[in-house]
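These notes concern the structure reproduced below.
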Amino acid sequence: MRKKSVAVLDIRSSEITAVVGERGVNNTFVIKSKYTCGYDGYAEGDFIDGDSFESAVSEVVKSTVSALGGIKTFFVGVPAEFTRVVQTDKIMSFQTAKKITEDDCDYLASMSKPEDPKDYRTIRHSCMYYVLSDKRKLIDPIGTVSDSLQGKFCFYQCSNRFISAVSAAFKRFSAISKVKLIPTVYAEAIYLVSPERRDEYAALFDLGYISSSYSVICGNGLAFSEAFSIGIGHIAVYLMSELDIPFEVASAFLSQVNLNAKETLAGFEEYVYEGQNYKFSTITLRDKIREGLDGICETIEECIQGFKGKNLDGKPMFITGECVKTVRGGAEHISNRLVKNVEVIAPAVPYYDKPQFSSLLSLLDTALTDVCS
């Protein structure tokens, strides 16, 4: 039987990637095409430059269509910046004990759906867990016997502003008849974190360039999710301001400095840009970068305090995202600053086993699951 392929668009806050792929062996993927284009990004729930976004989408989609052709459906990841996660709790009773069916779960989900707010549209739902009449909690209750069924549901709502921007970008591609939206935070949670770690609660932090997110995963859903417009790019801006250097130089120093290396008073870093040599002591650069990371940690702490569902003390925080590896030793500094065990997580796929590919392969996995279900 011919394997199914899907086309996926991953929208990060620094670049956009289009990929066409199919299932490989041992939970890997076969990537048929991959195109990436940088753009101005997004912040505070909107694109910084709509024309820049539309141009980047057009470039990668055009390249994908030209390379493969015959693409009628594109799955588009919705960043956390444009996503709201609403939790509901509903229960329904039966006249007598019966075997739970898929129709029962679907009906309970339809009962649980909240009204869409003015500026958002529900694009997906999942269930954290179900509860039977004997108080058992299950991820999949189908086939069990109970006289009631309770569901803790998550409904993922997408900003209408995002939907309009994506629709405008795809308008020129008349052959693409469907654009299906996938909440990226959901895709990452299900793909990156094992079911065993999700059975209770697990925290996932996605570190981006301009925008990042913090989520608490439970079962097959999100008990909490918060996006904030802070990322590694802001540390580059901070270096630029504090040291009076061009942004390109600040970005280069971010990648050069290793926060875990042994500190020496004589150490220095230098970078040549447009014929000028910029040179600073390594200690100075490390201190400034740590200050920038501390600002990110303060926001994470606010998110941790904002989740009231369960005490996560003692549980690790998974960290992933396009900028996790930008600053060497950055994850360790975040761990020390938060006094929390931090585990870097990435796809277990050869060549793509880096945090920068987490959202892309998570979306690819969800899209393939959707078309095969």
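Numbers here simply count residues along the sequence, with the first being 1. In this text, all values refer to a predicted model and were calculated from it rather than measured experimentally.
- Minimum heavy-atom separation, F247 to G233: CE1-O, 4.0 Å.
- Residues T122 and D116 have side chains that bring a donor and an acceptor to within less than 3.5 angstrom of each other.
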Handout entry: From CA spacing to verdict: side chain to side chain contact (heavy atoms under 4.5 Å, CB included), L181, I163
Key = CA-CA 9 Å; L181 303 175; I163 294 173; 3.8 Å; yes
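- Taking the ring centroids of F47 and F82, they lie under the 6.0 Å cut-off.
- What you find for Y186 and N220 is that their closest heavy atoms are CE1-O, 3.8 Å.
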Problem - Residues T284, L243; criterion side chain to side chain contact (heavy atoms under 4.5 Å, CB included); working and verdict - result: CA-CA 10 Å; T284 296; L243 303 177; 4.2 Å; yes
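- Within the 4.5 Å cutoff, no side-chain heavy atoms of E59 are placed close to those of Y35.
- Side-chain contact annotation: Y271 with Q256, donor-acceptor N/O pair under 3.5 Å absent.
- Cation-pi geometry between K137 and Y129 is met: the NZ or CZ atom falls under 6.0 Å from the ring centre, inside 45° of the normal.
- Relative ring orientation between F228 and F205 is described as parallel, the plane-to-plane angle staying below 30° on a 0-90° scale split at 30° and 60°.
- Aromatic rings from Y42 and F162 are positioned such that their centres are separated by 6.0 Å or more.
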Handout entry: Step-by-step side chain to side chain contact (heavy atoms under 4.5 Å, CB included) determination, F94 to L149
Key = CA-CA 8 Å; F94 310 111; L149 182 65; 4.3 Å; yes
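- Nearest heavy atom pair, residue D147 against residue S133, reads OD1-CB, 2.9 Å.
- In this structure the side chain of L204 reaches within 4.5 angstrom of the side chain of I345, judged on heavy atoms.
- Residues L364 and R23 form no side-chain contact, since every pair of their non-hydrogen atoms from C-beta on lies 4.5 Å or further apart.
- Under a cut-off of 6.0 angstrom, the local environment of NZ in K98 is crowded, with over 12 non-hydrogen atoms contributed by other residues, nucleotides or ligands.
- Looking at residues two or more places apart in sequence or on another chain, you find a side chain to side chain donor-acceptor pair (under 3.5 Å) between E322 and R12, S14.
- Closest approach of S58 and A169 over heavy atoms only: OG-O, 3.9 Å.
- E188 CD to S359 OG: the interatomic distance, rounded to the nearest 0.5 Å, is 5.5 Å.
- Side-chain polar atoms of S126 and Y156 form a donor-acceptor pair below 3.5 angstrom.
- Note: the hydrophobic cluster containing L293 also contains I304 (ILVMFWY, side chain heavy atoms under 4.5 Å, direct or indirect links).
- Looking at heavy atoms from C-beta onward, H333 lies in side-chain contact with R290 at the 4.5 angstrom threshold.
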Practice task
Apply salt bridge (charged side-chain N to carboxylate O under 4.0 Å, His left out) to K315 and E200, showing your working.
Solution key: CA-CA 10 Å; K315 288 185 174 291; E200 278 295 319; 5.2 Å; no
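- Between P316 and R197, the closest heavy-atom pair is CG-NH2, 3.4 Å.
- Two residues are said to be in side-chain contact when any heavy atoms from C-beta on lie closer than 4.5 Å; I71 and F173 fail this criterion.
- Rounding to the nearest 0.5 Å gives a distance of 9.5 Å between CD of Q150 and SG of C127.
- Each of C154, S112, C218 was evaluated against Q87; a single residue qualifies, C154, per the side chain to side chain contact (heavy atoms under 4.5 Å, CB included) test.
- For E298, the salt bridge (charged side-chain N to carboxylate O under 4.0 Å, His left out) test picks out R337, with sequence neighbours left out.
- Between Y351 atom OH and T28 atom OG1 the span is 15.5 Å, to the nearest 0.5 Å.
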Practice task
Evaluate the criterion side chain to side chain contact (heavy atoms under 4.5 Å, CB included) for residue pair F170 and L9; output intermediate values, then yes/no.
Solution key: CA-CA 11 Å; F170 274 90; L9 194 70; 4.1 Å; yes
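- One hydrophobic cluster holds both L363 and F29 under the rule that ILVMFWY side chains link at heavy-atom gaps under 4.5 Å.
- The two residues R124 and P183 come nearest to each other via the heavy atoms CD-CD, 3.9 Å.
- F224 is not connected to I190 by any chain of hydrophobic side-chain contacts under 4.5 Å among Ile, Leu, Val, Met, Phe, Trp and Tyr, and they are in different clusters.
- In this structure, K4 NZ and L368 CG are separated by 10.0 Å, a value rounded to the nearest 0.5 Å.
- By the 4.5 Å heavy-atom criterion applied to side chains, E332 and L259 are not counted as neighbours.
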Exercise for the section: Apply side chain to side chain donor-acceptor pair (under 3.5 Å) to the pair R328 and N260, showing each step before the final yes or no. Expected result: CA-CA 7 Å; R328 286 177 291 171; N260 289 334; over 6 Å; no
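- The shortest side-chain heavy-atom distance between K34 and F357 falls under the 4.5 Å cut-off.
- Between P347 and Y191 there is a side-chain heavy-atom pair separated by less than 4.5 Å.
- V166 is connected to V65 through a chain of hydrophobic side-chain contacts under 4.5 Å among Ile, Leu, Val, Met, Phe, Trp and Tyr, so both are in one cluster.
- Residues V60 and L68 are members of one and the same hydrophobic cluster, defined by side-chain heavy-atom contacts under 4.5 angstrom among Ile, Leu, Val, Met, Phe, Trp and Tyr.
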